[in-house]
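Everything numeric in this text was worked out from a predicted model, so none of it was measured. What's counted below: heavy atoms across the whole structure, side chains too, no hydrogens, waters or symmetry copies. Proteins get letters first, then strands, A, B, ... in listed order; numbering begins at 1 in each.
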Amino acid sequence: MRIGYPCVNEAMDCSSGNTFRLASYSEERLIAAVTANLACLRRMLEWNVAQGLLFFRIGSSIVPFGSHPINTYSWQTHFAADFRAIGDYIKANNLRVSFHPDQFVVLNSPSPDIVQRSIQELVYQGSMLDLMGLDGTAKLQIHVGGLYGEREQAMIRFAQVHATLPEAVKARVVVENDDRLYPLRDCLELHQLTGVPILFDNFHHECLNHGEPMAEALRLAAATWHPTADGVPMMDYSSQALGERKGKHTDDLVDERFREFLTHLHGHDFDVMLEIKNKEASALRAVAILRELGLSAAAPDIPSPPLTLPAVPKARRVAKAVG
DNA sequence: CCCTGTCAAGAATCA
DNA sequence: TGATTCTTGACAGGG
């Protein structure tokens, strides 16, 4: 079992999401942003390895406007060596990475333009994994999409578009149950239609389900992953923020909820992405809990117990703190 | 320096 | 039809 967190490390002084406004697009700015983003990504992965965090979701804007027509720069060629070096590091350290294209990727939209843009975004993000030299176990995680007042028809559209995806993309796409529109049962139906693996989200399942107990839901989702082609099933973990709107994630890992969740696994292995506001801090606690239970897998020998590195405050914060 | 409106992209909900 | 929410940070312009 690997533990991960998404996109941002709050204890570090760099971001892999440097970007700029479309209106100020220039090749110079693009190159500067990608250079900085890849350097930071590398540093975050190294930090993660040192802490025993072997799963990581890479942010979508490593290459600003990566699928936008304005971006005609051949970044794939220009940064090929950098991507490859990062991929080598990932493989050498038994890391696993993924992407989660955001809400604008909607494969089942009735609009052909939206579908086309969505595919281009998947091609962009998938090509980064290709450039890293990673196999099909590095995934692109998306939701089913909209309902449009016709659930079955909308699901069929997803399947039809899925069938047309470039093979390189299709091998990486996984679909996640969401908390409002498409629960696990619909994802299972889509798996039947397309073979797409299901990335299970426990919290979304708590919000929207057909009565499947957690342990059963985990078993059903895990069974949609091909052991070698897809790898260990991935899942997102979070829990309800008490006293907040339904569906709101907690700011911090609730240890007892996490321990309780682990009891439902019954020996199924998952790589777990913690969708919790304080990012790596919670991920470190999760690792500690797993070690305590003897469930921590992947990393051979992790040295010292996880410690919280002193945060290097962002420039902004320094200014505030000082005066 | 600081504050704040706005940002490529979608969809559902509600007024 | 239009504003709001999801979800979130940070860019960028103006004070």
Side-chain angles (χ1 to χ4, degrees), chain A residues 5-26 28-30 32-34 36-37 40 44 57-73 99-125 140-151 153-155 157-158 161 175-183 186 201 203-204 207-208 236 238 240-241 244-251 273-280 313-323:
Chain A
Y5 62 96
C7 310
V8 171
N9 183 314
E10 295 182 330
M12 290 181 61
D13 61 349
C14 71
S15 157
S16 68
N18 290 285
T19 185
F20 46 84
R21 296 290 166 85
L22 180 60
S24 48
Y25 182 93
S26 74
E28 292 67 36
R29 291 200 67 160
L30 179 76
V34 176
N37 290 343
C40 183
M44 287 195 286
R57 180 186 299 163
I58 305 174
S60 294
S61 59
I62 293 287
V63 180
F65 308 101
S67 68
H68 192 282
I70 199 174
N71 186 343
T72 56
Y73 182 68
F99 282 98
H100 190 345
D102 61 26
Q103 75 228 54
F104 307 110
V105 171
V106 185
L107 293 185
N108 77 347
S109 171
S111 156
D113 287 346
I114 291 169
V115 171
Q116 216 38 52
R117 283 195 287 273
S118 297
I119 293 173
Q120 284 315 301
E121 181 70 13
L122 290 172
V123 166
Y124 148 59
Q125 298 197 22
L140 302 170
Q141 162 185 359
I142 60 175
H143 292 285
V144 180
L147 285 176
Y148 314 100
E150 38 161 26
R151 179 182 304 263
Q153 205 46 47
M155 287 172 58
R157 270 203 309 278
F158 180 100
V161 171
V175 68
E176 174 190 357
N177 59 305
D178 69 68
D179 60 349
R180 295 182 308 131
L181 309 177
Y182 289 99
D186 292 330
D201 184 308
F203 184 30
H204 292 167
C207 295
L208 184 70
D236 286 349
S238 60
Q240 174 69 43
E244 294 278 357
R245 166 187 55 74
K246 183 185 174 193
K248 169 100 169 146
H249 296 176
T250 49
D251 290 349
M273 181 68 61
L274 296 183
E275 291 197 319
I276 296 177
K277 197 176 178 65
N278 67 358
K279 309 283 179 184
E280 80 287 346
K314 307 205 158 134
R316 189 77 174 229
R317 296 250 175 80
V318 173
K320 248 179 209 163
V322 170

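- Distance Asp201(A) CG to dT7(C) P: 10 Å, rounded to the nearest Å.
- Going from the C1' atom of dT8(C) to that of dT4(B) covers 15 Å, rounded to whole Å.
- To the nearest 0.5 Å, atoms CG (Leu274(A)) and OH (Tyr5(A)) are separated by 11.0 Å.
- Taking NZ of Lys277(A) as the start and CG of Asp251(A) as the end, the distance is 6.0 Å to the nearest 0.5 Å.
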Assess whether salt bridge (charged side-chain N to carboxylate O under 4.0 Å, His left out) is satisfied between Glu275(A) and Arg57(A), documenting all intermediate values.
CA-CA 10 Å; Glu275(A) 291 197 319; Arg57(A) 180 186 299 163; 3.0 Å; yes
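- At a threshold of 4.5 Å between non-hydrogen side-chain atoms, the residues Lys279(A) and Pro6(A) count as touching.
- Separation of the P atoms belonging to dT7(C) and dT6(B) is 23 Å when rounded to the nearest angstrom.
- One atom, CG of Asp102(A), and another, P of dC6(C), lie 16 Å apart when rounded to the nearest Å.
- In this structure the side chain of Asn177(A) never reaches within 4.5 angstrom of the side chain of Pro183(A), judged on heavy atoms.
- Rounded to an integer number of Å, the gap from Asn9(A) CG to dT8(C) P is 16 Å.
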Protein heavy-atom contacts under 4.0 Å, written 5' to 3' over nucleotides 10-15 of chain B as B (base), S (sugar-phosphate only) or - (none), form the string BSS---
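- Separating the C1' atom of dA8(B) from that of dT1(C) is a span of 23 Å, rounded to the nearest Å.
- Remark on DNA chain C: of its neighbouring residues His204(A) and Thr19(A), the 5'-side contact belongs to His204(A), judged by nearest-heavy-atom nucleotide.
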Taking Watson-Crick and G-U wobble pairs with both distances under 3.5 Å, convert DNA chain B into its dot-bracket string, 5' to 3', dots for unpaired and | for cross-strand pairs.
|||||||..||||||
When you look at His143(A) and Tyr182(A), which way does the ring-ring contact (aromatic ring centres under 6.0 Å, His included) test go after all the steps?
CA-CA 8 Å; His143(A) 292 285; Tyr182(A) 289 99; 9.6 Å; no
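- Here the separation of dA12(C) from dA9(B), taken at their P atoms, is 16 Å to the nearest Å.
- With rounding to whole Å, Phe65(A) atom CZ is found 10 Å from dA9(B) atom P.
- Atom CG of Asp13(A) and atom P of dA10(C) are 13 Å apart (whole Å).
- Side-chain N/O atoms of Ser24(A) include one lying less than 4.0 angstrom from OP1 or OP2 on dA12(C).
- In this model, a donor atom of one side chain and an acceptor atom of the other lie less than 3.5 Å apart for Asp236(A) and Gln141(A).
- Under 3.5 Å, the side chains of His68(A) and Gln120(A) contain no donor-acceptor pair of N or O atoms.
- When the P atom is used for both dC6(C) and dC2(B), the distance is 30 Å, rounded to whole Å.
- Taking 4.5 Å as the limit, some side-chain heavy atom of Asp186(A) sits within range of a side-chain heavy atom of Met155(A).
- Using atom P as the reference point in both dG10(B) and dA10(C), the two lie 23 Å apart (nearest Å).
- Between Leu22(A) atom CG and dG13(C) atom P there is a gap of 13 Å when expressed in whole angstrom units.
- Taking atom CZ on Arg29(A) and atom C1' on dA8(B), their separation rounds to 16 Å, with Å as the unit.
- Using a 4.5 Å heavy-atom threshold, the side chains of Tyr124(A) and Ser60(A) count as separate.
- When the C1' atom is used for both dC3(B) and dT5(C), the distance is 24 Å, rounded to whole Å.
- Atom CD in Gln240(A) sits about 12 Å away from atom P in dC6(C), given to the nearest Å.
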